[in-house]
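Computed from heavy atoms alone, side chains included, the values below leave out hydrogens, waters and symmetry copies. None of the values given here were measured: they were computed from a predicted structure.
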Amino acid sequence: MRTHYCSEVNESHIDQEVTVCGWANSYRDHGGIIFIDLRDNDEVVQLVCDPTYETPYKEAEKVRDEFVLIATGKVRARGEGLENPKLKTGKIEIVVTDLVIENRSKPLPYTLGDKSVNEEIRLKYRYLDLRQKEAYNTFKIRSKAAMAARKVLDANNFLEVETPILTKSTPEGARDYLVPSRVHNGEFYALPQSPQLFKQLLMVGGFDRYFQIAKCFRDEDLRADRQPEFTQIDVELSFCDQEQVIKVAEDMIQGIFNECGYPEVKPPFTRMSHYEAMEKYGSDKPDLRFAMPMVEVIDLFEDSNNDIFKNIAKDKAHNRIKALKVDGGDNHFSRKDLKELENYVRKFGAKGLAYIQMKAEGPKGPLVKFLSEESLATLLERVELKEGDVVFFGAGHKKEVLDYMGRLRLEIGRQMDLIDKDALNFLWVVDFPMFEVEEGKVKALHHPFTMPKDTNKEHIEDIESVAFDIVLNGVELGGGSMRIHKPDVQEEVFNLLGIGEEEAQEKFGFLLEALNFGAPPHGGFALGFDRLIMLLTKRDNIRDVIAFPKTQRASCVLTEAPSPVDKEQLKELALRIRKIEQ
């Protein structure tokens, strides 16, 4: 139908006839001459409908916003002073000689591009929301990123292999989405939370190098960066070590970012141990676009005359006293601001927020009187406190202190505008703990198929794994690990997790059996593709980078899913609905 896209028409086409297609972006009648801004997926071009050409002019009188048009005409330069520098096509216009109204449109339920419109309304009419240039450009980048990933992996001899969507329910951290079987009444498939087990089986099958841009499903509480169905770039390779896996991931990330307009992204990326990340930044995904690390000062409170701090300092294994020094903070924060920061950390378990301000006459604050002169002098030296600075303190159980002080660091960074929004700060966090203990129950921090480094440790939480996460600007892009490929090691890990032989066989029997048939050493990683695109396009919400996303209540307001089904369908599945009171 078209000879050119709107964006392609330029000064080189003057006096040539072109045909363009798209939607009427706007309509203006200026004293007998009608101007229509025609929009396709990439740009707008101005159409001029002159009474000289009677038939197209009469058609133009019927045009309204969002009508679908096919226009043929001759390109000419715009008059002097009438150019539009905001448009690629701003120096030309098309004098229409033939105009077809291919389809009409009802008045839109909202104005395209209006940011004040309720998100549920925009999602209900998502196909209209997608007509915006901003949306198109987002999905253009998404497509480029996927193609770039495939290009790098293909060049490194990876095969793209699809794994099942209907599979067995296995415990992987979040709740499964279950699919009832008609053939096997009373039994269920699960939608995969990840292709983890199948990609390991592909390694056992000798495929050596696999990848997949895979759909995954998790029935979990939603946030701005989560969806019930999401996409990940899934990669696995055999006869490798951690360094080789990380190298593949870095090459792929570089290829994606370079293709999408970020040539400055060059590996190798910085690395940091999980221990250092937690102790310095209170997070396993630290945002390093600004400095401000936490400093441990628990030893300086051993001789404190305050019983609370003194008792905390007695148990260095389980407690922490962290100092967070803010350059220029005393000049920035008012007394009211300091109180608001205290209220902020209280929401995350803090009992309060102590601080020391460095005035011209010396350190001031409630904590000063609780420290000996020697300890105070050592503290000021350790945190490098100078006039105009303030240092905040968090004290108590390690897990709580690291969490709320890490959050405080980020909040101060936001309030003081310390974060460079244009920076791209990649970080590998390595040497993760293999296990965590919650309410007395041992859980795998990543998943139970991760290779442990050394299980011969006095405390189970001291066992490290060969696992690694890739972080960008404080957001976890993805992670990976070396996998357990020896049956005896897998059995030992299950034992530490309290999974007996019978339970292991019931849930993972097919994998355990496969490991007994010559499984090679292997490892891999997965990148959250939606999160990656969110960062590439500088969007704040993952729903903006998914064509047809769900709401925060995991519903699709466009198709009205989930929805009731016919009683006959339920009967075929041997199911009966029982309402649960909320």
Side-chain angles (χ1 to χ4, degrees), residues 119-120 123-127 160-202 204-205 210 212-223 226-232 234 443-444 447-449 494 497-514 526 528-530 542-543 546-582:
E119 187 186 38
E120 288 221 358
L123 292 180
K124 178 176 174 62
Y125 299 98
R126 180 62 168 163
Y127 45 84
E160 185 168 10
V161 183
E162 294 178 349
T163 54
I165 293 295
L166 295 176
T167 183
K168 181 181 176 67
S169 179
T170 57
E172 293 188 44
R175 288 180 292 271
D176 286 324
Y177 276 102
L178 299 177
V179 181
S181 169
R182 179 185 59 81
V183 178
H184 306 281
N185 278 176
E187 297 183 354
F188 295 80
Y189 300 103
L191 302 181
Q193 294 186 31
S194 78
Q196 181 61 47
L197 300 179
F198 286 105
K199 66 181 181 181
Q200 289 191 246
L201 292 174
L202 285 170
V204 177
Y210 138 96
Q212 180 181 191
I213 299 182
K215 274 288 184 186
C216 304
F217 307 85
R218 291 182 187 174
D219 185 5
E220 59 186 351
D221 296 331
L222 304 181
R223 298 195 298 253
R226 282 185 180 172
Q227 280 279 287
E229 54 179 311
F230 57 96
T231 306
Q232 68 183 37
D234 204 52
K443 297 169 60 179
H447 55 69
F449 317 109
F494 281 154
L497 289 168
I499 299 174
E501 185 177 346
E502 186 177 335
E503 184 183 359
Q505 284 297 326
E506 179 187 347
K507 293 176 177 175
F508 309 109
F510 60 95
L511 175 66
L512 297 177
E513 185 174 23
F529 191 53
D530 308 300
I542 203 167
R543 293 187 288 280
I546 296 173
F548 298 99
K550 305 291 188 292
T551 67
Q552 283 195 304
R553 288 178 52 80
S555 64
C556 174
V557 290
L558 171 63
T559 61
E560 298 183 346
S563 60
V565 296
D566 189 271
K567 287 183 179 179
E568 285 302 312
Q569 287 179 281
L570 293 174
K571 187 176 178 181
E572 284 183 336
L573 296 168
L575 293 178
R576 187 167 55 196
I577 300 298
R578 181 169 65 90
K579 294 285 186 181
I580 298 176
E581 295 295 330
Q582 297 294 324

Q | Short side-chain to backbone donor-acceptor contact, R175 and D219, under 3.5 Å | A | yes
Q) Regarding Q193 and D176, is there a side-chain donor-to-acceptor distance under 3.5 Å anywhere? A) yes
Q) Do Q232 and F529 have side-chain heavy atoms sitting under 4.5 Å apart? A) no
Q. Between A526 and D234, which heavy-atom pair has the shortest distance, and what is it?
A. CB-OD1, 3.5 Å
**Q.** Between CZ on residue R226 and CD1 on residue I542, distance to nearest 0.5 Å
**A.** 10.0 Å
Q.
If we ignore hydrogens and angles and just use 3.5 Å, is the side chain of S555 paired with the main-chain N or O of V557 as donor and acceptor?
A. no
(Q) For the CZ atom of F188 and the OG atom of S181, what is their distance to the nearest 0.5 Å? (A) 9.0 Å
Q | A504 versus I499, closest heavy-atom pair with distance | A | N-CG2, 3.7 Å
Q. Any Lys/Arg nitrogen of E503 or K507 sitting under 4.0 Å from an Asp/Glu carboxylate oxygen of the other?
A. yes
**Q.** Separation of F217 CZ from S194 OG (nearest 0.5 Å)
**A.** 12.0 Å
Q. Under the side chain to side chain contact (heavy atoms under 4.5 Å, CB included) criterion, do F230 and I546 qualify, and how do the steps go?
A. CA-CA 9 Å; F230 57 96; I546 296 173; 5.7 Å; no
Q: Classify the side-chain pair Q505/E501 by whether it contains a donor and acceptor separated by less than 3.5 Å.
A: no
Q: Any chance you could measure T167, atom OG1, to F510, atom CZ, to the nearest 0.5 Å?
A: 6.0 Å
**Q.** Nearest heavy atoms of P164 and P192, plus distance in Å
**A.** O-CG, 3.7 Å
Q) Does any N or O in the side chain of E220 come within less than 3.5 Å of the main-chain N or O of P228, such that one atom is a donor and the other an acceptor? A) no
Q. Any side-chain heavy atom of V161 sitting closer than 4.5 Å to one from F198?
A. no
Q | L178 vs Y189 side-chain heavy atoms within contact, under 4.5 Å | A | no
Q) What distance do L123 atom CG and T551 atom OG1 have between them, rounded to the nearest 0.5 Å? A) 7.5 Å
Q: Not counting sequence neighbours, which residues clear side-chain contact (heavy atoms from CB on, under 4.5 Å) with Q569? List them please.
A: V565, D566
(Q) Quiz question: by atom type and distance under 3.5 Å, do the side chains of Q212 and T163 form a donor-acceptor pair? (A) yes
Q: Assign the ring pair F494 / F508 to parallel, tilted or perpendicular, where the plane angle (0 to 90°) is split at 30° and 60°.
A: parallel
Q. Relative to each other, are the rings of H447 and F449 parallel, tilted or perpendicular (30° and 60° limits)?
A. tilted
Q | Contacts of E119 that satisfy salt bridge (charged side-chain N to carboxylate O under 4.0 Å, His left out) - sequence neighbours left out | A | R543
Q. Would you say E162 has more than 12 foreign heavy atoms packed within less than 6.0 Å of its CD?
A. no
Q: Taking all non-hydrogen atoms of both residues into account, name the closest pair between L511 and Q200 and its distance.
A: CD1-CB, 4.3 Å
Q) Which atom pair, heavy atoms only, marks the closest approach of E560 to S563? A) O-CB, 3.4 Å
Q: State whether the number of non-hydrogen atoms from other residues, nucleotides or ligands found under 6.0 Å of K215 atom NZ is greater than 12.
A: yes
Q) Got a donor-acceptor contact below 3.5 angstrom from the D530 side chain to the T231 backbone? A) yes
(Q) Could you report the tightest heavy-atom contact between A514 and V204, atom names first, then the distance? (A) O-CG1, 3.7 Å
Q.
So, taking the atom named CG in L573 and the one named CZ in R182, what distance separates them when rounded to the nearest 0.5 Å?
A. 8.5 Å
Q. R126 versus P549: any side-chain heavy-atom pair under 4.5 Å?
A. yes
